[in-house]
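Predicted model only: the values in this text are computed from it and were never measured. Position 1 is the first residue of the sequence, and the numbers go up from there. Every number for a ligand or one of its atoms is a count from 1 in the order of the listing.
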Amino acid sequence: MHTPLGATTIPHATPPELTQGTGPHTDPVALTILHQEDKEEGLEVFTGGKWQSVRPVLGAFVVNIGDTFMAMTNDIYKSCVHRAVVNRHSSRQSIAFFVCPWHDKVIRAHDSLIGPNGKRLYPEFTWSQLEVFTQDSRRVDDKTIKYFAHCLSESSSAE
Ligand SMILES: O=C(O)CCC(=O)C(=O)O
Ligand SMILES: [Fe+2]
């Protein structure tokens, strides 16, 4: 696994109507370990049909499940749609460690996660393939990983 580091600073001088924050998305990586640097709220997760704030807790990390981890666990663990929003009163800073497999490692759910009659929900893939796919298609939402799996299956059956 390797961990590129991302930092987001949303300055309060920018009017909220002119900024997007990060926009709703799922993280394509395996896990995101996020530190919300100050007490300013902004991270929201879409759950139970609505956006809910993930309040910063002093000294705590937020661990976010990404699409790659979802595939590695054959959907036992689900990635979540989240966003970072802004407000007009104060700035907010967060630091994210994106934990992803090495580029050429084949990602395949372990047999113990499939069950006797179940099936593997994703074809084998590498983090490189998913990374390129998300960057090319510029989409990372709750449908991306399924669409990626569909495209991979199509291309291997055409061979
Ligand atoms: O700033 C945050 O709290 C979240 C940022 C985020 O979702 C990301 O970098 O993927
Ligand atoms: Fe994210």
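Proximity of Val62 to ligand 1, defined as any heavy-atom pair under 4.0 Å, is not found for any part of the residue. Contacts with ligand 1 closer than 4.0 Å are made by no heavy atom of Thr32, backbone or side chain.
Between atom CD1 of residue Ile65 and atom CG of residue Leu31 there is a gap of 7.0 Å, rounded to the nearest 0.5 Å. In this structure, NE2 in His35 is found 10.5 Å from CD in Gln93, a value given to the nearest 0.5 Å.
The atoms of ligand 1 that sit less than 4.0 Å from any heavy atom of Asp27 are 10 (O). Distances below 4.0 Å separate heavy atoms of His82 from the following atoms of ligand 1: 7 (O). For ligand 1, the atoms lying closer than 4.0 Å to a non-hydrogen atom of Arg92 are 1 (O), 2 (C), 3 (O).
Contacts classified as ring-ring contact (aromatic ring centres under 6.0 Å, His included) and involving residues 106-125 (residues at least two apart or in different chains) are given here: Phe125-Phe148. Pairs passing the salt bridge (charged side-chain N to carboxylate O under 4.0 Å, His left out) check and including a residue from residues 46-73, sequence neighbours excluded, read Glu41-Arg55.
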The test is side chain to side chain contact (heavy atoms under 4.5 Å, CB included); show your working for His82 and Asp27 and say whether it passes. CA-CA 9 Å; His82 58 282; Asp27 294 342; 3.1 Å; yes
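For Glu44, the salt bridge (Lys or Arg N to Asp or Glu O under 4.0 Å) partners are Arg83, not counting sequence neighbours.
Counting only protein N, O or S atoms, the number found under 2.8 Å from the Fe ion (ligand 2) is 3.
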